[in-house]
K.L.:
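Submitted below is the structure of interest, expressed as structure tokens.
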Amino acid sequence: MSIAEEVEYKLEAIRVSTVEAEDIDRTFRSSCIDLVSASLGGKVLACSDEWFAEAANLLTPTAPISQPGKMVFTGAWYDGWETRRHNSEPFDWVVIRLGVASGRVSGIEVDTAFFTGNYAPAISVEGCFSADDDEVVSWKGGRGGWETILGIQECGPSRRFGWKLDEPTEKQYTHVRLNMYADGGIARFRLFGHAVPVFPDDKTAMLDLAAAQNGGVAVSCSDQHFGTKDNLLLPGRGKDMGDGWETKRSRGKGHVDWTIVKLGAAGHVDRFVVDTAHFRGNFPQQVSIQALDFRQAGASYEPAVDDEGWREVVPPTKMGPDREHDLDCAVRDAAFTHVKLVMIPDGGVKRLRVFGRRLGA
């Protein structure tokens, strides 16, 4: 008998496709964001148990690490969420508030890295839309207002597991509950999808159209050896060089690095902010910015770096260390859907802000 058949708490059958570990980043990172990442503002509100390791570790944006032999009061130290043995309830659970106003889900990742004899045998994911954190927490491990996002899926020791929803819905969620059957350990939890921002009714309001909370997604880049492109769109100015976009050193003449960002809404851009916070000896010598209107009917792909429609809106401009650079947009009479940040020749940038007014309805 399978775990799903044994558990009395029944979930709706959701059609999903398994994504192999080596394909998870390629499948989701170019079109989605991690809606529950701690760097975006995702937060654990409650859990059934976290005796061995805190549930908040699930949302850490960096990959899990191992420190063999390190012991703490409760036992061996683990970089993840780990509960007691012999759970008498059907499952352990953790309730998480998304880091965005609300979001639509495309896929899920559960990583059991370094959990070998204590990994989670199976998981499921449920979601809800609510403005009341306390009400959501009060449901604990019960039915409450939860809806199935991912039915019970079996896991295994020390590896990444991914699932893509075969038929993504337009449902929006503010909270999710990760269920673990019956107990054990999980290193990381990723909820891939798209932010559903709450825009002001005033179409003249100035917004950061690239912000992840406003639906911006970094869709491609030339290189992200030291820091991922997705970090460019996070809130705040970060804590160190590890949470920015940084490429490897180039050696060839005329080299440039680039990343393409899909804006959360098409709009007229007024100015940009390129922040090199914490990048002191490895900031780019110059940056330039191009923009593109890619509102092609029915397009199921993103623009390429060499598409003909790119227009230079900020010419090559000298950068400095550890500071915010305010750059005016040279083209304000056209609407854009994508921007391309070009580093000359390479280096690191912490954040990119694209301030503008979204198009009217």
Side-chain angles (χ1 to χ4, degrees), residues 25 29-30 33 39-40 61-62 208-212 214 216-264 269-292 294 302-332 336-356:
D25 291 338
R29 293 288 185 182
S30 64
I33 62 172
S39 60
L40 192 61
T62 53
D208 179 2
L209 298 173
N214 288 336
V217 180
V219 296
S220 60
C221 68
S222 58
D223 179 80
Q224 49 184 348
H225 186 84
F226 293 109
T228 67
K229 64 188 187 318
D230 311 275
N231 291 333
L232 286 169
L233 313 185
L234 295 176
R237 301 188 69 201
K239 58 183 177 61
D240 54 36
M241 289 194 302
D243 57 3
W245 173 48
E246 185 182 0
T247 64
K248 59 179 175 287
R249 297 191 187 206
S250 62
R251 306 301 184 185
K253 186 177 181 179
H255 180 87
V256 299
D257 279 314
W258 54 267
T259 188
I260 295 174
V261 175
K262 180 180 181 180
L263 303 179
V269 178
D270 183 73
R271 65 187 180 91
F272 303 88
V273 174
V274 176
D275 189 357
T276 57
H278 305 291
F279 289 99
R280 301 182 179 95
N282 51 353
F283 58 92
Q285 292 301 294
Q286 295 181 309
V287 303
S288 67
I289 300 175
Q290 300 173 25
L292 173 71
F294 199 66
E302 298 296 342
V305 65
D306 56 355
D307 274 0
E308 294 182 356
W310 289 107
R311 301 175 64 179
E312 184 176 80
V313 294
V314 174
T317 303
K318 184 176 176 58
M319 293 287 104
D322 196 23
R323 71 185 68 163
E324 291 181 303
H325 302 77
D326 283 287
L327 308 171
D328 289 332
C329 181
V331 181
R332 301 190 183 183
F336 298 111
T337 59
H338 293 71
V339 298
K340 177 170 58 178
L341 175 65
V342 180
M343 291 196 295
I344 307 169
D346 55 42
V349 172
K350 177 54 69 74
R351 300 288 187 262
L352 172 66
R353 310 298 185 203
V354 181
F355 292 104

K.L.:
Quick check on Arg311: does its CZ atom have over 12 non-hydrogen neighbours (other residues, nucleotides or ligands) under 6.0 Å away?
P.N.:
no
K.L.:
Counting only N and O atoms by type, is there a donor-acceptor contact under 3.5 Å from the side chain of Arg353 to the main-chain atoms of Leu209?
P.N.:
no
K.L.:
Output the distance between atom CH2 (Trp258) and atom OG (Ser220), rounded to the nearest 0.5 Å.
P.N.:
4.0 Å
K.L.:
Asp257 and Asp223: which non-hydrogen atoms are nearest, and at how many Å?
P.N.:
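Looks like OD1-CB, 4.0 Å.
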K.L.:
Quick one, Arg271 with Asp326, criterion salt bridge (charged side-chain N to carboxylate O under 4.0 Å, His left out). Give me CA distance, side-chain angles, the key distance, then yes/no.
P.N.:
CA-CA 7 Å; Arg271 65 187 180 91; Asp326 283 287; 2.8 Å; yes
K.L.:
Which heavy-atom pair separates Val287 from Pro284 by the least distance, and what is that distance?
P.N.:
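Here Val287 and Pro284 meet closest at CG1-CG, 3.8 Å.
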K.L.:
Starting at CZ of Phe279, measure out to CE of Met319 and round the result to the nearest 0.5 Å.
P.N.:
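These two atoms lie 13.5 Å from each other.
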K.L.:
What heavy-atom pair brings Ala304 and Ile260 nearest, and what distance separates the two atoms?
P.N.:
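So the two residues come closest at C-CD1, 4.1 Å.
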K.L.:
Is the closest side-chain heavy-atom distance between Trp245 and Asn231 below 4.5 Å?
P.N.:
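No, every pair of side-chain atoms sits at 4.5 Å or beyond.
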K.L.:
Which pair of non-hydrogen atoms, one from Pro345 and one from Ser250, has the smallest distance, and what is that distance?
P.N.:
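Closest heavy-atom pair between Pro345 and Ser250: CB-OG, 3.9 Å.
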K.L.:
Picking from Pro316, Ser288, Ser222, what satisfies side chain to side chain contact (heavy atoms under 4.5 Å, CB included) with Val342?
P.N.:
Ser288
K.L.:
Search all heavy atoms of Phe272 against all heavy atoms of Val339 and return the closest pair with its distance.
P.N.:
CE2-CG1, 4.1 Å
K.L.:
Answer yes or no: are there more than 12 heavy-atom neighbours, outside Arg249 itself, under 6.0 Å from its atom CZ?
P.N.:
no
K.L.:
Which atoms form the tightest heavy-atom contact between Val349 and Leu341, and what is the distance?
P.N.:
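So the two residues come closest at CG1-CD2, 4.3 Å.
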K.L.:
Atom CG of Leu352 and atom CG of Leu234: how far apart are they, to the nearest 0.5 Å?
P.N.:
12.0 Å
K.L.:
Would you give the length of the straight line joining atom NZ of Lys262 to atom CD of Glu302, rounded to the nearest 0.5 angstrom?
P.N.:
4.5 Å
K.L.:
Working note: Ile289 + Val274, criterion side-chain contact (heavy atoms from CB on, under 4.5 Å); need CA distance, chi angles, decisive distance, verdict.
P.N.:
CA-CA 10 Å; Ile289 300 175; Val274 176; 4.2 Å; yes
K.L.:
side-chain contact (heavy atoms from CB on, under 4.5 Å) for Thr337 and Leu263? Distances and angles first, verdict last.
P.N.:
CA-CA 5 Å; Thr337 59; Leu263 303 179; 5.7 Å; no
K.L.:
Once you round to the nearest 0.5 Å, how far does NZ of Lys229 lie from SG of Cys221?
P.N.:
5.5 Å
K.L.:
Hey, are Asp275 and Arg237 close enough for a salt bridge, meaning a charged N less than 4.0 Å from a carboxylate O?
P.N.:
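Looking at Asp275 and Arg237, the cut-off is met.
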K.L.:
Among Thr276, Asp322, Asp243, whose side chain to side chain contact (heavy atoms under 4.5 Å, CB included) with Lys350 holds?
P.N.:
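Of the listed options, the one satisfying the test is Asp243.
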